[in-house]
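Before any comments, here is the structure.
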Amino acid sequence: MTQQQRNELAELLYPKATLTIQDVEKMFPKRTLPEGAKVTRMAPSPTGFVHFGNLFPALTSERLAHQSGGVMMLRIEDTDAKRAVDGAVEIIINSLKHYNIIFDEGATLGDDVGNYGPYYQSRRADIYQAFAKELIRKGQAYPCFCTEEDLEKIHSEQEAKKDNFGYYGKYAKHRDMSFEDIKKELDAGKPFALRFRSEGNLNNKIPFDDVVKGHLEVTENDIDHVLLKSDGIPTYHFAHAIDDHFMGTTHVIRGDEWLSTLPLHLQLFDALGFERLKYMHISPLMKIDGESKRKLSKRKDPEAALTFYTEMGYPVLAVIDYVMMLLNSNYEEWRIQNPAAPYTDFEFKAENMSVSGSLFDIVKLNDVSKNIVSTMTAEQVYDYVCEWSEQYDKDFYKLLISDKDYAVRIFNIGRGGEKPRKDLAVWSEAKAYMGFFYDDLYKITSSLPENISKEDAVTILESYKNIYTPGKTQEDWFGDITKLATDNGFAAKPKEYKKNPEMYKGHVGDVSMILRIAVSGRQNSPDMYEIMEILGKERVIQRIDNALKTL
RNA sequence: GGCCCGUUGGUCAAGCGGUUAAGACACCGCCCUUUCACGGCGGUAUCAGGAGUUCGAUUCUCCUACGGGUCACCA
């Protein structure tokens, strides 16, 4: 084909695309940012599902951009109309916002924000086509008239011959069509896709330095990938090259499933005359499934959905901390030294990122969460539990807001000080933890331990009713219980009992247990003294009476 | 199958030629303790295998095994 014909072909193929590359260059001036500022982006397709794994590149992008005085963009990759879901963009923005990931630029629920838009790829067709035409003129792209069936046939032929899959070499039948033949197909109204004319060779390796993975050696790409689909909309690869170039992205942060198409992307940047960008490929989050590991799956694993964490009531900061720990190996150490510092104080470094994929460990998440919750004030915990229950447990919510002071006092048990209680990991556990404080939820669910007779229990409860006086110091309060123990043949200290078990019915702990079961309805509870102080005399007596009837 | 990446205790991992191979979670034991939780102390447990380079390999090279990813007009 002559240069003349190629020029003509470009017009023939995309007659409506009048934008030139000079126009595009004028549309997107270079960014002026401080030295070292990173420009990152999140580029989801609008499928309406935000995966837990999406948090990894998202948080990485956010931290790197914002801690360097850079910019983080949201670009919607809606080039595949089949996959688009209504309301998906809203879900993406809101879910990420929930995890403190806020975009400086890009798609919003209203108008785009920023000077490098549109940030919806479906609205950038003319931009892509300007470059497509340029590639056609340079002989680096050509139309392919294969139908879906044609491509399937090629695929099965390759399967049979055990050849590599793809549109390349002898399988690329439209690669060298003459101008006249192309014209004939076009005149016949045949749809076409625009393919990249790859000069790559499988025998050549491309050395490449990934910011996370380090030095890699990838094989050149020899497949003539589709650049523009038959509807004139680009594939991801072509859009990625053009958008990230003109939007001024400095670091492309994405999952490492993209590593295999990296050679194509590099090729495209070269062909378009763009300077190559820095890439950070992040390993996927894995999950153990029987004997083997696999990617955390949207279909099989409920914890893959971001909504799972909201429903369970994981504190946002706990989830962020857990992700940060997996992302940067020294984050956990930093957190131990700075238990209450905001995570944004931590210096996030690409070189501390893990090269291989890690297993999702919900037990660890729970531990992280307990630590986070233990640093909160009672008031904060109250607010979070209210926020959660308003949505997921309305009855409990009503109880909580009916008397805020009461609830805050409950959450305050064991809180603050050097060694705070670490009991709550998720808000959904709150009800089981402290529900018994509310008469509606109080119920004796535990029977007496075997070593305590019913008679003793009755005697002790009856006597305690007469003794109990609120407002004492904890010391005096416990003195009463100790006396009750010794008066009834129980040892004052567990150690005395252990020394001479035959001399006693039990020890003071057993006496406490009787009261605990009566007052809280169960064998485990936070500090009894504080519980009684919060419940107040009337409720305590009521419950003892109830226990007397029930036991 | 081709191509690419990876492999330190059950999990997350530090390590970047010479270490008693950190730390955290989990587990077990002891201590503290009126229950639970917390906390303290201690313990079990790891360099996938094989060659090579080296005075010396967890660290470097190669091979094997295993695991993962990917091979669309999806992103």
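In the text below, chain A, chain B and the rest are named by the order of the sequence lines, each starting its count at 1.
Defined by atom type and a distance below 3.5 Å, a donor-acceptor pair is present between the side-chain atoms of A:Y142 and A:D224.
Across all strands shown, B:G1 forms a Watson-Crick or G-U wobble pair, both distances under 3.5 Å, with B:C71.
If you measure from atom CZ of A:F238 to atom C1' of B:C74, you get 18 Å, rounded to the nearest angstrom. With rounding to whole Å, A:M325 atom CE is found 10 Å from B:C25 atom C1'.
Looking at heavy-atom distances under 4.0 Å, A:K293 makes contact with sugar-phosphate atoms alone, never a base. Here A:S356 lies in heavy-atom contact (under 4.0 Å) with sugar-phosphate atoms only. Within the nucleic acid shown, A:K287 has no heavy atom closer than 4.0 Å to any nucleic acid atom. At the heavy-atom level, A:T79 lies under 4.0 Å from the strands shown only through sugar-phosphate atoms. A:L194 comes within 4.0 angstrom of no nucleic acid atom, judged by non-hydrogen atoms across all strands. Across all strands, A:T482 comes closer than 4.0 Å to no nucleic acid atom at all (heavy-atom distances).
Atoms CZ and CG, on A:F192 and A:L186 in that order, are 6.0 Å from each other to the nearest 0.5 Å.
Side-chain to base pairing of A:S260 with B:U70: no donor and acceptor N or O lie closer than 3.5 Å to each other. On a pure distance criterion of 3.5 Å, no polar donor-acceptor pair joins the side chain of A:R421 and the base of B:C38.
Relative to the ring axis of A:F346, A:R335 does not place its NZ or CZ within 45° and under 6.0 Å from the centre. Note that A:K298 lies in the cation-pi zone of A:F49, set by a 6.0 Å cut-off to the ring centre and a 45° limit from the axis. For the pair A:R254 and A:Y279, the NZ or CZ position fails the cation-pi test of under 6.0 Å to the six-membered ring centre and within 45 degrees of the ring normal.
Distance check on atom P: B:C47 versus B:U58 gives 10 Å, rounded to whole Å. Atom name C1', nucleotides B:U11 and B:G50: the rounded distance is 28 Å, in whole Å.
Both A:K82 and A:T219 lie near RNA chain B, and the one whose nearest nucleotide falls closer to the 5' end is A:T219. Both A:R195 and A:K370 lie close to RNA chain B; mapped to their nearest nucleotides by heavy-atom distance, the more 5′-ward contact belongs to A:K370.
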